[in-house]
Structures are given as C-alpha cells and as structure tokens.
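Comments concern the structure below.
Since we're looking at a predicted model, the values are computed, not measured. Naming: A, B, ... by sequence-line order, numbering from 1 per chain.
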Number of protein chains: 2
Amino acid sequence: MPRSGKEARERLENAALTLFAARGFDAVTTAEIAALAGVTERTFFRHFPDKREVLFDGERRLTEWVTEALTSVPAGTAPWPTMRRVVDLLVPPLEANRADGDRLAAIAAATPAVQERAAAKEAHLIGLIADQLTARGAAPEEASLVARTGWGVLAHAIGSWRRAPGTRLQPHVDRAFDLLGGLVLGPQPSS
Amino acid sequence: MPRSGKEARERLENAALTLFAARGFDAVTTAEIAALAGVTERTFFRHFPDKREVLFDGERRLTEWVTEALTSVPAGTAPWPTMRRVVDLLVPPLEANRADGDRLAAIAAATPAVQERAAAKEAHLIGLIADQLTARGAAPEEASLVARTGWGVLAHAIGSWRRAPGTRLQPHVDRAFDLLGGLVLGPQPSS
DNA sequence: CACGTAGTGGCAGTCACTGACACAACGTGT
DNA sequence: ACACGTTGTGTCAGTGACTGCCACTACGTG
C-alpha cells in the first residue's frame with residue numbers, strides 16, 4: 001500500500017534510530033527495523049543501499065551546505081581565503097544540527113563499521129571541495145591541499161566543540177585557524 | 001597439519017592478492033581464496049578478521065614506522081617541527097614500498113568497501129600520532145591539529161607522487177609543506 | 001475506464017562471518 | 001618412550017546483510 005513512498009522511508013529512519021539508540025547498531029537487524037516500520041526487509045533496502053546509510057541520511061544536507069557556501073564566495077577569491085570563508089559559512093548549519101551530529105558521533109564511537117563509513121564520507125567530501133575549488137580556477141594541487149587542510153581544521157574544531165558542552169562552534173573554528181597559522185609560522189624549521 | 005601457521009597465512013595472502021588482481025575484489029569469495037591456499041574458509045577467518053584486512057597486512061608496518069620515527073625525534077622538539085621530521089622519516093620506507101601502496105590504491109579506487117577501510121585506517125593513525133604527540137608533552141588540542149594537518153600534507157604529497165611516475169617522494173613532500181606555509185601566510189584574510 | 005508507473009510483498013539464494021566441537025601436529029617435561 | 005598442553009586446523013550449523021526476480025496493488029493520467 002504505497003501511500004507516497006516517502007512516508008515509509010521516514011518510518012524506516014525513525015524505527016532504525018529508535019532501535020539503534022536502545023540496543024546499539026550491531027544488535028539490531030534490518031528485519032527488525034523493517035518490522036517496526038511496518039514494511040518488509042526488502043523494502044528497507046529499496047530506500048537505503050545498506051544498513052549504515054540510514055544514519056547518514058541527514059548528512060546529505062552537509063554536501064548541499066558546502067556547495068552553497070562555495071558558490072556564495074565571490075569568484076576570484078584565492079583558494080585558502082575561500083576555504084576559510086566556507087568553513088565560517090558552515091558553522092551556523094552545523095550548530096543548528098548539533099543534535100544530529102552528536103547522535104551520529106555517539107553511534108560511530110561505538111561501532112567501527114559506522115566509523116568507517118563516516119571516514120569515507122569525509123574523504124569523499126574533501127575530494128568534492130577540491131574539485132569545486134579547481135573548477136573555480138585554483139590549481140589542482142593547491143585545491144587538494146587547501147581542501148584537506150581546511151576541512152581538517154574544521155573537523156578539529158568540531159571535535160573540541162563536542163568535548164566542550166555549552167560553547168559555540170565559531171570560537172573553536174577561529175582558535176583552530178589561529179593555532180594552525182601560529183604553528184606553520186612560529187617554530188621555523190632550520191632545514 | 002599445522003606446519004607453522006605462518007605458512008598458511010602467507011599462502012592465503014598470496015592467493016587473495018592473485019585472485020583480486022585477476023578478477024577484482026568483489027568478484028572473489030573468501031572460499032575461493034581459502035581453496036587456492038589449500039585451507040578451509042574457516043581458517044581464512046582465523047588469520048584475518050575479515051576479507052578486506054588481507055589487503056592491509058602490509059600496512060601494519062606503517063604504524064611501526066610512524067612510532068619509530070616519533071621516538072627518534074629528540075624530546076623537547078615542538079609539535080609541528082616534530083611532525084615535519086616524522087614525515088621526512090617516513091619518506092624512505094614509503095618509497096621502498098611504493099609497489100604495495102600502488103597495488104592497494106588501485107584496488108581501493110575500484111572498491112568502495114576497501115576505500116572505506118583505508119580511510120578509517122588513516123583516521124586511526126592520525127589519532128595515534130596525536131596521542132603520541134600528547135604523550136611527548138604537547139597540548140592535546142595542538143597535538144590533534146598538528147597530526148591532522150601534518151598527515152594531510154603527507155597524504156597530499158603521496159597523491160601527487162602517485163600521479164607523477166618516475167619522481168621521488170621527497171620533493172613532493174617539500175613542495176606540499178612550502179605550499180601550505182605560503183597559503184596560511186600569503187593571502188592574509190582581512191577579517 | 002484502460003494503462004503506465006511507482007512502491008511493495010514474497011521468496012529463493014549468495015556470501016561474509018561466527019560459535020562449538022573434535023582432531024592432528026608439534027613442543028616439553030618426566 | 002610416554003603423557004600432556006598448546007596451537008593450528010577441519011567440519012558443521014547457523015546468523016544476518018544484501019540481491020534478483022516475479023507478481024501484485026495502489027495511484028495518476030488520458
């Protein structure tokens with residue numbers, strides 16, 4: 001009885017998150033998720049390519065935020081300032097969806113398989129940023145390094161933000177960028 | 001008939017690499033690998049926790065190289081110069097084992113599951129470096145950022161090294177570090 | 001009211017991976 | 001020479017993620 005197709009997908013997602021929260025990712029079977037959502041296991045795999053992907057449904061927006069941030073930066077801006085601006089633009093949506101991020105981080109911390117998927121998504125996103133920077137005129141080599149480093153700074157900032165409850169993300173981002181600048185400049189290697 | 005236990009493991013690894021090279025990772029079953037190695041499928045899983053891990057057996061040495069490099073840096077050295085030195089020390093072993101790295105990269109490029117595992121291993125290694133930097137007296141926040149960024153530079157250098165056949169790794173590393181320094185310094189953001 | 005389409009159920013099957021038990025090869029001590 | 005613990009292995013049954021195939025049912029459109 002296909003009401004709209006999207007309803008089933010949402011029921012599946014809710015069922016999965018509920019069960020994962022209650023018993024952990026590994027102790028839940030896809031059949032159970034489907035049963036709680038009122039559909040068949042087969043239908044689960046019609047909406048999600050695999051069991052882990054249910055957790056990353058909200059992360060699709062992250063890609064959109066990144067793309068939107070990139071297009072909003074004036075053309076002609078150099079790669080590194082562009083990346084810095086993109087990170088700043090990502091702060092508001094990330095703060096607004098902290099709950100989702102925390103939930104995913106909690107499950108990932110307890111589930112290697114989920115951790116792997118998260119790491120792969122991150123790597124993929126870095127590649128996407130590098131491609132878009134290149135499309136904006138940056139040298140490919142430079143774009144890749146900027147994307148890696150800039151995202152690394154953001155990821156680091158998010159990490160310390162998560163470990164400091166009650167704080168805002170932006171200061172962590174600023175501190176991380178400042179720290180990076182100080183490191184690369186400060187202790188000048190003699191070689 | 002346990003000759004030494006290690007023999008079987010090596011036969012399994014060779015069998016797996018042979019089959020993967022011939023037909024691709026996904027088209028090979030663990031039963032086939034075991035059969036070619038002259039053992040049972042069960043024995044395969046006694047030597048390797050899962051199918052993908054056969055590919056990363058050589059990567060165990062990477063962790064050792066990193067640890068050795070870190071311990072060889074004189075105590076008291078600041079985090080960022082330490083990281084820079086570690087990367088330099090990793091160049092020789094990485095160059096010596098380029099074939100292994102290329103083989104793994106080729107399979108990973110064609111197999112998402114292997115790519116995921118590689119990304120996860122990289123993330124884990126970054127965490128390990130951060131921990132060891134912290135143990136050497138660095139502030140945890142600084143250690144984490146240094147490990148992320150330094151490894152990012154190395155990964156980027158390895159990437160361009162792979163795309164430039166016949167070149168040495170060290171120049172790519174030097175160029176990446178210089179490029180990073182120029183970026184962070186050069187175009188000073190007005191904000 | 002016929003008709004194409006999208007979403008679903010049902011089913012059989014593959015494959016990665018695990019637990020439990022029994023057995024064979026070795027090393028060691030007596 | 002013999003008992004014994006250890007280690008590596010074979011065998012078997014089982015779970016669970018994931019897929020292909022076919023039939024069916026709701027729905028929108030003309």
Side-chain angles (χ1 to χ4, degrees), chain A residues 1-20 22-57 107-108 110-118 120-121, chain B residues 1-20 22-57 104 107-108 110-121:
Chain A
M1 46 212 50
R3 288 289 177 93
S4 82
K6 247 187 173 178
E7 290 181 21
R9 185 189 176 91
E10 284 174 13
R11 285 203 310 271
L12 280 166
E13 190 174 347
N14 290 333
L17 294 180
T18 303
L19 292 174
F20 291 162
R23 313 208 310 264
F25 182 86
D26 288 328
V28 176
T29 69
T30 54
E32 285 173 324
I33 300 172
L36 182 57
V39 295
T40 341
E41 192 182 8
R42 192 66 186 84
T43 295
F44 176 91
F45 288 105
R46 286 204 178 90
H47 287 281
F48 302 97
D50 60 69
K51 186 182 169 189
R52 285 175 282 172
E53 208 61 21
V54 196
L55 290 167
F56 293 90
D57 203 52
I107 297 181
T111 319
V114 176
Q115 209 171 339
E116 288 194 4
R117 177 61 56 85
K121 295 244 179 208
Chain B
M1 47 210 50
R3 288 288 175 93
S4 80
K6 247 186 173 177
E7 290 181 20
R9 185 189 177 91
E10 285 172 13
R11 285 202 310 271
L12 280 167
E13 191 174 347
N14 291 334
L17 294 180
T18 303
L19 291 174
F20 291 162
R23 312 209 309 265
F25 182 85
D26 288 328
V28 176
T29 68
T30 54
E32 286 173 322
I33 300 171
L36 183 57
V39 294
T40 337
E41 191 182 8
R42 191 67 184 84
T43 295
F44 176 91
F45 287 105
R46 287 203 177 91
H47 287 281
F48 303 98
D50 61 68
K51 187 183 169 188
R52 286 175 283 172
E53 208 62 21
V54 197
L55 289 167
F56 294 90
D57 203 52
L104 178 57
I107 297 181
T111 319
V114 176
Q115 209 171 338
E116 287 196 3
R117 177 61 54 86
K121 295 244 179 208

Nearest whole Å is fine: how far is [N] [atom2] from [X] [atom1]?
X        : N       : atom1 : atom2 : value
Ile33(B) : dC15(C) : CD1   : P     : 12 Å
Phe48(B) : dT9(D)  : CZ    : P     : 11 Å
Glu32(A) : dT15(D) : CD    : C1'   : 12 Å
Glu53(B) : dT18(C) : CD    : P     : 12 Å
Arg23(B) : dC15(C) : CZ    : P     : 10 Å
Phe44(A) : dT19(D) : CZ    : P     : 11 Å
Phe25(B) : dA16(C) : CZ    : C1'   : 10 Å
Lys51(B) : dA17(D) : NZ    : P     : 18 Å

Ignoring the backbone of [X], work out which of [options] is nearest its side chain.
X        : options                   : result
Phe45(B) : dA16(C), dT8(C), dT9(D)   : dA16(C)
Glu41(B) : dG10(D), dC17(C), dA17(D) : dC17(C)
Asp50(A) : dA17(D), dC17(C), dC18(D) : dC18(D)

For this session: Check whether any side-chain heavy atom of Val54(A) sits under 4.5 Å from a side-chain heavy atom of Leu12(A), and report yes or no.
Result: no

Seminar exercise, completed: Nearest heavy-atom contact between Ile107(B) and Leu55(B) is CD1-CD2, 3.5 Å

Seminar exercise, completed: Residues Ala108(B) and Gln115(B): closest non-hydrogen pair is O-OE1, 3.5 Å

Problem set entry | Short side-chain N/O contact to dC17(C) OP1/OP2 from Thr30(B), under 4.0 Å | no

Exercise. At under 4.0 Å, does any side-chain N or O of His47(A) touch on OP1 or OP2 of dT8(C)?
Worked result: yes

Exercise. If you take atom types as modelled and just measure distance, does the side chain of Arg42(A) reach the base of dG20(D) with a donor-acceptor pair under 3.5 Å?
Worked result: yes

Problem set entry | Pair of N/O donor and acceptor under 3.5 Å linking dG10(D) base with Arg46(B) side chain | yes

Exercise. Do Lys51(A) and Phe20(A) meet the cation-pi criteria used here (NZ or CZ under 6.0 Å from the six-membered ring centre, within 45° of the axis)?
Worked result: no

Exercise. Should Lys6(A) and Glu13(A) count as an ion pair when the cut-off is N to O under 4.0 Å?
Worked result: no

